[in-house]
Protein chains: 2
Amino acid sequence: MKISNAESVVMEALWRAAPRTAEEIAAEVAGPNGWTEATVKTLINRLLKKKAIAAEPEGRRYRYRPLAERAAYVRAESQGLLDRLFDGRLAPMVSHLSQARALSPEDVAELKRLIAEMDE
Amino acid sequence: MKISNAESVVMEALWRAAPRTAEEIAAEVAGPNGWTEATVKTLINRLLKKKAIAAEPEGRRYRYRPLAERAAYVRAESQGLLDRLFDGRLAPMVSHLSQARALSPEDVAELKRLIAEMDE
DNA sequence: CGAGGACGTTTACCCATGTAATCGATGCAG
DNA sequence: CTGCATCGATTACATGGGTAAACGTCCTCG
């Protein structure tokens with residue numbers, strides 16, 4: 001099932017560190033997103049329904065862990081965008097993004113390294 | 001204002017060629033997406049409301065033309081993804097995508113060229 | 001033992017979106 | 001002139017998502 005935008009914020013938190021309690025998750029994501037703890041709880045529940053995360057009982061409460069893998073999520077999202085906007089071609093995308101936002105020299109160096117690697 | 005997924009299909013059609021009538025647009029996008037002409041008309045109207053396109057009268061009907069620029073749309077979309085998933089860093093994104101999907105030699109060559117260009 | 005709190009669960013509500021049918025005006029074929 | 005076909009405009013309706021409060025249950029402190 002599809003993970004929505006707001007939900008993905010919770011997922012990211014869990015991908016960063018898991019398992020965690022609802023309280024811990026909320027502590028991390030509620031403020032920056034202007035959400036109340038109630039909102040975070042709703043998101044957690046929707047993710048449970050979608051089987052994107054699992055709950056393991058710990059005493060009185062639960063700790064949540066991701067079931068969906070970040071790599072798969074990232075791949076689906078970026079591939080979708082790539083296909084929709086750049087006809088699946090990476091080069092035009094890189095071209096576009098590098099124009100739209102200046103790259104740091106480190107970025108350029110890193111890219112160069114990547115390409116060199118691919119070129120074998 | 002935000003352009004939704006379905007709406008973006010209409011936008012893409014108009015970016016490809018404009019101005020066009022609703023009928024022409026529908027002819028191009030309805031079938032492949034499994035939409036009726038009515039659906040396309042709704043999308044057109046929503047885009048009008050959002051000021052993403054404009055209508056110019058032509059005899060008894062209208063021809064539509066994009067107001068929003070594709071470049072801006074593409075930039076917003078890809079930048080959003082880049083920020084959300086790759087912390088705004090292009091190199092990790094390229095790395096991820098090139099792993100997830102093998103690049104053609106042309107792509108690699110093109111990328112190499114791009115990087116070389118940036119490096120000045 | 002009783003009250004307050006901590007948690008997860010349920011319910012709520014509104015807006016955007018996907019999808020489409022219907023309506024109203026208008027121009028054209030007879 | 002009149003009825004049919006066309007168009008755009010209006011209305012419809014279900015689902016998903018963002019946002020959150022209310023509820024029920026159990027634990028714990030006094």
Side-chain angles (χ1 to χ4, degrees), chain A residues 1-14 18-65 67-68 73 76-77 80 84, chain B residues 1-14 18-68 73 76-77 80-81 84:
Chain A
M1 203 149 318
K2 178 92 175 86
I3 292 174
S4 80
N5 269 341
E7 285 160 6
S8 83
V9 171
V10 169
M11 289 305 289
E12 291 285 355
L14 284 178
R20 311 170 85 175
T21 65
E23 191 185 9
E24 286 164 345
I25 298 170
E28 180 174 337
V29 304
N33 290 283
W35 295 338
T36 68
E37 204 170 319
T39 300
V40 177
K41 287 183 184 181
T42 299
L43 294 174
I44 289 175
N45 264 297
R46 289 190 179 157
L47 287 168
L48 279 171
K49 294 261 154 62
K50 294 182 183 184
K51 309 271 194 191
I53 66 179
E56 44 193 52
E58 187 206 52
R60 185 73 226 92
R61 70 189 77 180
Y62 287 119
R63 289 183 165 271
Y64 303 93
R65 80 167 61 254
L67 288 180
Y73 171 73
E77 290 285 302
R84 274 197 308 119
Chain B
M1 200 144 326
K2 178 92 177 89
I3 291 173
S4 82
N5 268 340
E7 286 160 6
S8 84
V9 171
V10 170
M11 289 306 289
E12 291 286 355
L14 284 178
R20 311 170 86 175
T21 65
E23 191 185 11
E24 287 164 346
I25 298 171
E28 180 175 336
V29 305
N33 291 282
W35 296 336
T36 69
E37 204 170 318
T39 300
V40 177
K41 287 183 182 179
T42 299
L43 294 174
I44 289 175
N45 265 298
R46 290 188 179 160
L47 287 168
L48 280 171
K49 294 260 154 62
K50 294 184 182 182
K51 311 269 194 192
I53 66 179
E56 40 194 55
E58 187 205 53
R60 238 346 89 206
R61 72 189 71 181
Y62 288 118
R63 287 186 167 270
Y64 303 93
R65 140 178 90 72
L67 289 181
Y73 170 72
E77 291 284 302
L81 186 99
R84 275 196 308 117

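Just so it is clear: chains get the letters A, B, ... in the order the sequence lines come, proteins before strands, and each one is counted from 1. Basis for what follows: all heavy atoms, side chains included, without hydrogens, waters or symmetry-related copies.
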State whether the side chain of Arg84(B) and the backbone N or O of Asn5(A) hold a donor-acceptor pair below 3.5 Å, judged by distance alone. no

Measure the spacing between CG of Leu14(A) and CD1 of Ile53(A) and express it to the nearest 0.5 Å. 6.0 Å

Where along residues 29-44 of chain B does a heavy atom come under 4.0 Å from DNA chain D, residue by residue in number order? Lys41(B)

Would you give the length of the straight line joining atom CZ of Arg61(B) to atom CD of Glu56(B), rounded to the nearest 0.5 angstrom? 13.5 Å

Testing the basics here: between Leu48(B) and Ala55(B), what is the closest heavy-atom pair and its distance to 0.1 Å? CD2-N, 3.9 Å

Identify the pairs formed between an N or O of the protein and an N or O of nucleotides 14-17 of chain C at a distance under 3.5 Å, and give each distance.
unit_1: dT17(C); atom_1: OP2; unit_2: Lys50(B); atom_2: NZ; d: 3.0

Main-chain N/O of Pro19(B) paired to Arg63(B) side chain as donor or acceptor, under 3.5 Å: yes

With 3.5 Å as the limit, what N/O pairs link the protein to nucleotides 26-30 of chain C?
unit_1: dG27(C); atom_1: OP1; unit_2: Arg60(B); atom_2: NE; d: 2.6
unit_1: dG27(C); atom_1: OP1; unit_2: Arg60(B); atom_2: NH2; d: 3.1

First and last nucleotide of DNA chain D touching chain B, 5' to 3', heavy-atom cut-off 4.0 Å? dC7(D) to dA12(D)

Please find the pair of heavy atoms, one from Ile3(B) and one from Ala52(B), that lie closest to each other, and give the distance. CD1-CB, 4.2 Å

At what distance, to the nearest 0.5 angstrom, does CZ of Arg20(A) lie from CD1 of Ile44(A)? 10.5 Å

Contacts satisfying salt bridge (charged side-chain N to carboxylate O under 4.0 Å, His left out) that involve residues 37-50 of chain B (not counting sequence neighbours) are Glu7(B)-Lys50(B)

Could you state the atom-to-atom distance from CG of Asn45(A) to P of dT11(C) in whole Å? 12 Å

For the residue pair Ala13(B) and Val29(B), what are the closest heavy atoms and their distance? CB-CG1, 3.8 Å

Listed by chain and number, what are the ring-ring contact (aromatic ring centres under 6.0 Å, His included) partners of Tyr73(B), not counting sequence neighbours? Trp15(B)

Determine the contact category for Ala55(A): base if any of its heavy atoms lies under 4.0 Å from a base atom, sugar-phosphate if only primed atoms, P, OP1 or OP2 are that close, otherwise nothing. nothing

So which heavy atom on Ala30(A) is nearest to which on Val40(A), and how close? CB-CG2, 4.1 Å

What distance separates Tyr64(B) OH from Thr21(B) OG1, expressed to the nearest 0.5 Å? 8.5 Å

Passes side chain to side chain contact (heavy atoms under 4.5 Å, CB included), Met1(A) versus Lys51(A)? Steps please. CA-CA 8 Å; Met1(A) 203 149 318; Lys51(A) 309 271 194 191; over 6 Å; no

